[in-house]
Structure formats: structure tokens, C-alpha cells
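Report on one structure; see the data block that follows.
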Amino acid sequence: MQNQHIKISEMGRHVGEEVLLKGWLSKSRAGGKVQFLMVRDGSGLCQAVMEKSEANGELFGEVKHLGQESSLEVAGVVREEPRSVGGYELAVNDVRIVHKTEDYPITPKPHGPDFLMKNRHLHLRSRKQWALARVRHSVIEAIRDFFNNNGFVLIDTPIFAPAAGEGEQTLFNVDYFGEQVALAQTGQLYLEAAALSHGKVYCFGPTFRAEKSKTRRHLTEFWMVEPEIAYVDLDGLLEVAENFVTHIIQHTLKHRRDELEILERDTSSLEKIQVPFYRLSYSDAVEMLHSEKAQDYLQGQLKEKRGQLEELQSSIEQLTEEQKAAKKQWQKDKLTHQITQAREQTGELTEQIKNIPLHMELAKNFKWGKDLGGSDETIISNLHDRPVFVHRYPKEIKAFYMKPDEEDSRVVMNFDCLAPQGYGEIIGGSMREDSYEALLGRIRELDYEEADYQWYLDLRRYGSVPHGGFGLGVERTVAWLTGTKHIRETIAYPRMMGKIYP
RNA sequence: UCCCCGAUAGCUCAAUUGGUAGAGCGAGCGGCUGUUAACCGCUAGGUCGUAGGUUCGAGUCCUACUCGGGGAGCCA
């Protein structure tokens, strides 16, 4: 074991050399005279091939009985091998067993989400979860780079917060030396204060929402980055936001190709994305929902889904035939599994088909003044091939600190950014009310506790300037970039309603 | 909070109209020189989520509860 220890990702540079890999056995296939060990070491995956010889007979037998996820060190010669993952493999000379694992719970077969979440601490080792974590890492790297390289100063805002930022019902309450405080839902108010010191600032950390939402888009603890800029207007904010999102995409595409491929993400829709994004006022969005175009789109969807359903049903019939004809038991089971899956998809499609007329009704009858629902957002984002900014929402459905539009006092100067392909809202932002009187009026109108907001009002007493900012949800962004259906896989230890272990 | 679906072996799932619990994978043992969800043979593995009810008889029907999945509302 004198060989140089290298990472699997570096194997291409060591062809023909004797090296040492240190890692874990992710899978193995044993033959009588040769066995294939799939080794992972955190940097990648490598097939190590061990041939039985007179000298290594005992070791060969021992390695053969190693359980999945045993940890080991493997010495051998790197060689090119097109049949192997990554194009290289290791011809094994020696193996040192570090730890023998027995009965590893997660097998290379399908598992249910509940089981995987209960074994999240082990699930993190699986290939897709590994890839997902690395994409997340790069997304966060891109976020930090963008702000650090564009003159923003990082400000860490508190997690114990005395007053509600928005929506008082969704707070997690904490006992703070006998006083009831809440876990922060946003750092924004504190950030506004800091923006008046530095001009451009951002905060980045976890935020907490006690929303009782059990959907694929919600967590109770999620990471949000929030920039805040002094002397900016709404157009300026939109420009920052679109440059920011584009930077994240390009950075990820540049550094995480392999991971996106493991995740089977079709990157072509991401490659296309460039500035400027579409800009649509709320009022125009409402009109779009009422338009022929929206109805046509939904009709098209209906037709497409029905086609898919028919296709699925005929494939189920075919699979059933095949299953009857299958001789081997394992073939039958494989087909049974496929049929089960197809049936599940059928159920999903049927549900979607059932919902489309409902969505058509919702869109057609959408009343100005209401908030956009999930289906409305999906319609709007799917009518565009790039992200869409929807701006200037009705004042009544938005937070107290948002600044009304001078040209139309019914709406505020805010915006949401809708990611394509129905991944929903990834950004929410606004211009902030900078007039003392107007802000105080709003606080009184909504019957908030005036005393709690004195420091916030101070910002309008002393050198108030036009300012604004936005927040981007990391998990939703990662879900979109990776094409992950459920947000719970985009963070190592998801916190959701009723889920706190491990 | 509301609506829909589900809970059977370690895992993924079967079990006809209610009639004494099955398979694959995984695990163990053996066989096989290159496997890509390998393959072949054998072995072990179960309080059918919990509690009650209907019935001669309940995994299957009914009620309540618990847990999970999907969605609505709300949101990033």
C-alpha cells in the first residue's frame, strides 16, 4: 500500500500508474474468478476489477463477501476501459478492508420516499443525492460570487426576531428567556437598515416558516439570499435580478455538467436562458389569463395529456401481454413493476386532465385583485421560454412595506420571478416605502404594533432614500436547475411539516 | 384547516366474489472469466399500521385513530 493516494476524479491523469483509492464499496458483482467492485470516494465512481490468483485467493474470498457500503482502500493500476463508468478502471493488486458493513438498508433497487427520508443520513451517499448536493454547492457559490463581485457587503441578520416580517400566522415561536420571540422569516427589515450604511448589501441564511403546507414546493426551513440596494428603482432591481439568475445558471452549467447528466436534466432549456427576462405587469398577466392564448394553451395541454394517457394505456396492455408470456419469475416481476409505475403515471395524468378544465375556469374568471394561484403561475410561465417577471401587484395582497406605484396607487412596485416549466416563484421582491408618513399610515391601517416598528421607521426619519431588494429561494432554484420534482431532495436534511428525523 | 390516495417480509409489491400469507430484490451458502438492475441452485425471513365492530370465518367489509403520499389554501 505504498502507492500514491489519488481521487477517482483524477484517474485520467494517472493511466498506467499504480495508485491507491480510498473509499466505499457502492456495489459489487462477484464472479468465480473475477469480481467487479464499484468504488466511490466522494469525487466520483470507479470500477475496480479484481482477478483471482493463487497469491490472493484468501483476500479474493474475503472481498467477495464484503457488504455494500463497506469502506476500503484499493491499490492497483489505472487503465483506460470504455466499458467502465468514466472511461477508466482500476486493475486491483491489493485491497485493505477498513470497515465491514452488513445489511446496508439502501439497495440499488427502488425505494419509497418515506423510507429514503427516514434513512436520509445514508441516502446522501446515493449517486443522485450526491450530484444534487454538488449542484447546490455550486448554486451557493454562484450566489456568493455574484454579490461579492458586484460591490455588495454581506450582512448577517438575526435569526431570533421580535416582530413578524410578513404573515403573522406562519411564525415559529421560541421561548427567549421568558419572552416569546420568533424564528426569522426574512432578514429584510434589518437589511434595509444596513443598505443605508453600505449602499448595497445582502444576507444569506436559513429562514423559517410554519406554513402547514404539504406540497413539493415547501419546506419549513429553507435558505434564502436577499440583496437590498439603496438608490435604485424597480427597473434597476429587475436588471440585478435577471443578471443574478443568469449568472447562477451559467456558473452551474459550467461547473456541474456531469452532475446534471447524472440527474438526467435536459440542459437545453437552461442554455437558452439569457437577459432580458420577460416583464409582465400583474394587470397584463390577468389579461393574459383571460386571453385566447391561455385557453388555447390549456386546450393543447389537454390534448397532449390525453394522447399521453392513451399511449400509456396501450403500453400497459402490451406490458400485460408480455408479462403473461414471460417465463422467468424475475421477468414477470420486472414487468409487474413497470406496470405499477405506468398505472401510477396514469393516475397522475388522469388527475391532471381532470384539473385542466378547472384551471381554464380559474384563468377565465380570474378577478383583478386576487393573488395568482399555482395554476395561474404555471400557465404564465409555460407561455414563455425564459423566466418571467410579474410586477405591480395589487396593494391589498402585498406586505405593508411595499411602495405604491405613483402612477397607479392601487398597485405596489413589487415583482415575482417565475421560473419556467412550472417550477414556480423563485424570487419575490419590491421597492420599499421610503416616506415616513406613508409607512406609518400603512402600519396603523393594518393595526400593527407601532412600538415594534420604531427603529424601522427611523430609517425613514434619517436620510431616507428610494431602495428595494428581493429574496431568492435556494431550494426552489436548485429544484428548477436540476429538474427535481420535490424540493425535499435539494437540501441535505429537509425540514417539513411532521418531519424532523434525522 | 380542507379534499383525494395509501399502510402486507429489511425493501418494492401481489393475494380472484370474505375461506388458514406469495414473489422479486436484499441477506446467508454454493456455482459461473468482463459484469452494467448480471445469471443459476438452495436456505432463512410475517402480531397483514393501531383499536374496536360485522361474520361460522376478515389482509380483504364498516368505524375511529396514527403515520405516510399527492393536492388546495399560503408562500421562496
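The chains referred to below are lettered A, B, ... by the order of the sequence lines, with proteins before strands, and numbering in each begins at 1. Just so it is clear, the model here is predicted, and its values are computed rather than measured.
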Rounded distance (Å) that lies between atom P of B:rG30 and atom CZ of A:Phe60: 13 Å

Inter-nucleotide C1' distance (B:rG26, B:rA37), Å rounded: 13 Å

Contact under 4.0 Å: A:His218 side-chain N or O vs B:rG71 OP1/OP2: no

Approximate separation, where rounding is to 0.5 Å, of A:Ile159 CD1 and A:Phe172 CZ: 13.5 Å

Integer-rounded Å distance: B:rC75 C1' and A:Leu171 CG: 13 Å

Listed partners of A:Glu69 passing salt bridge (Lys or Arg N to Asp or Glu O under 4.0 Å), at least two apart: A:Arg40, A:Arg125

A:Phe244 and A:Phe147 aromatic ring geometry - parallel, tilted or perpendicular at 30°/60° bounds: tilted

Under-4.0 Å salt bridge between A:Glu489 and A:Arg136: no

Stems involving RNA chain B, each a run of at least 3 consecutive Watson-Crick or G-U pairs under 3.5 Å: B:1-7 with B:66-72, B:10-13 with B:22-25, B:27-31 with B:39-43, B:49-53 with B:61-65

Stretch residues 469-480 of chain A: residues that reach within less than 4.0 Å of RNA chain B through a heavy atom: A:Arg476

Under the side-chain hydrogen bond (donor to acceptor under 3.5 Å, both in side chains) test, residues paired with A:Lys499 that sit two or more places apart: none

d(CD, A:Glu377; C1', B:rC74) in whole Å: 11 Å

N/O (side chain, A:Lys118) to phosphate O (OP1/OP2, B:rC11) under 4.0 Å: no

A:His111 NE2 - B:rC13 C1' separation (whole Å): 13 Å

Gap in Å between the two C1' atoms, one belonging to B:rC3 and one to B:rU36, rounded: 45 Å

Distance, rounded to the nearest Å, where A:Arg83 contributes CZ and B:rU36 contributes P: 12 Å

Pairs where residues 23-39 of chain A contributes a residue and the test salt bridge (charged side-chain N to carboxylate O under 4.0 Å, His left out) is met, not counting sequence neighbours: none

Between CG on residue A:Leu25 and OG on residue A:Ser70, distance to nearest 0.5 Å: 6.0 Å

Parallel, tilted or perpendicular: ring planes of A:Trp223 versus A:Phe204, cut at 30 and 60 degrees: perpendicular

Listed partners of A:Arg432 passing side-chain hydrogen bond (donor to acceptor under 3.5 Å, both in side chains), at least two apart: A:Glu228, A:Ser430

hbond_proxy A:Arg79 side chain to B:rG34 base (donor-acceptor, 3.5 Å cutoff): yes

Nucleotide of B:rG70, B:rA72, B:rG68 approaching A:His486 most closely (side-chain heavy atoms): B:rG70

Nucleotide nearest A:Phe36 (side chain, heavy atoms from C-beta), chosen from B:rG34, B:rA76, B:rG71: B:rG34

Whole-angstrom distance between B:rG18 and B:rA58, as gauged at atom C1': 6 Å

Nearest-angstrom distance, P atom, B:rG45 to B:rG24: 16 Å

For atom NE2 of A:His359 and atom P of B:rA72, their distance in whole Å: 7 Å

Base of B:rU35 paired with side chain of A:Gln35 (donor-acceptor, under 3.5 Å): no

Non-neighbouring partners of A:Arg79 that pass salt bridge (Lys or Arg N to Asp or Glu O under 4.0 Å), sequence neighbours left out: A:Glu89

Side chain of A:Glu81 - closest among B:rG70, B:rA38, B:rG34: B:rG34

Residue list, salt bridge (Lys or Arg N to Asp or Glu O under 4.0 Å) with A:Arg279, at least two apart or on another chain: A:Glu242

Between B:rA51 and B:rA15 - P atom distance, rounded Å: 25 Å

Residue A:Arg488, side-chain atoms from C-beta onward, closest of B:rA76, B:rG73, B:rG69: B:rG69

Listed once per pair and sorted, the side-chain hydrogen bond (donor to acceptor under 3.5 Å, both in side chains) pairs that draw on residues 112-123 of chain A, sequence neighbours left out: A:Asp114-A:Lys118, A:Arg120-A:His123, A:Arg120-A:Gln129

Per A:Arg217 side chain, nearest of listed nucleotides B:rG69, B:rA72, B:rA76: B:rA72

Residue list, salt bridge (Lys or Arg N to Asp or Glu O under 4.0 Å) with A:Lys128, at least two apart or on another chain: A:Glu264

C1' atoms of B:rC4 and B:rG73, separation to the nearest Å: 16 Å

Side-chain donor/acceptor contact of A:Glu102 with base of B:rG26 under 3.5 Å: no

Residues in side-chain hydrogen bond (donor to acceptor under 3.5 Å, both in side chains) contact with A:Lys403, at least two apart in sequence or another chain: A:Asp434

Gap between atoms CG and C1', on A:Leu358 and B:rG73 respectively (whole Å): 14 Å

Sugar-phosphate, base or nothing in reach of A:Glu425, heavy atoms under 4.0 Å: sugar-phosphate

Sugar-phosphate only, base, or nothing, as touched by A:Glu226 at under 4.0 Å among non-hydrogen atoms: nothing

Minimum-distance nucleotide (side-chain atoms of A:Asp371 versus B:rG68, B:rC75, B:rA76): B:rC75

Atom-pair distance (CD on A:Gln47; C1' on B:rG34), nearest Å: 8 Å

Whole-angstrom distance between B:rG41 and B:rC25, as gauged at atom P: 10 Å

Phosphate-side-chain proximity, A:His65 and B:rG30, N/O vs OP1/OP2 below 4.0 Å: yes

B:rG69 and B:rU35, which share atom name P, separated by this distance in whole Å: 40 Å

Can you tabulate the close N/O pairs, meaning under 3.5 Å, that link protein atoms to atoms of nucleotides 1-10 of chain B?
| unit_1 | atom_1 | unit_2 | atom_2 | d |
| --- | --- | --- | --- | --- |
| B:rU1 | O4 | A:Lys212 | O | 3.0 |

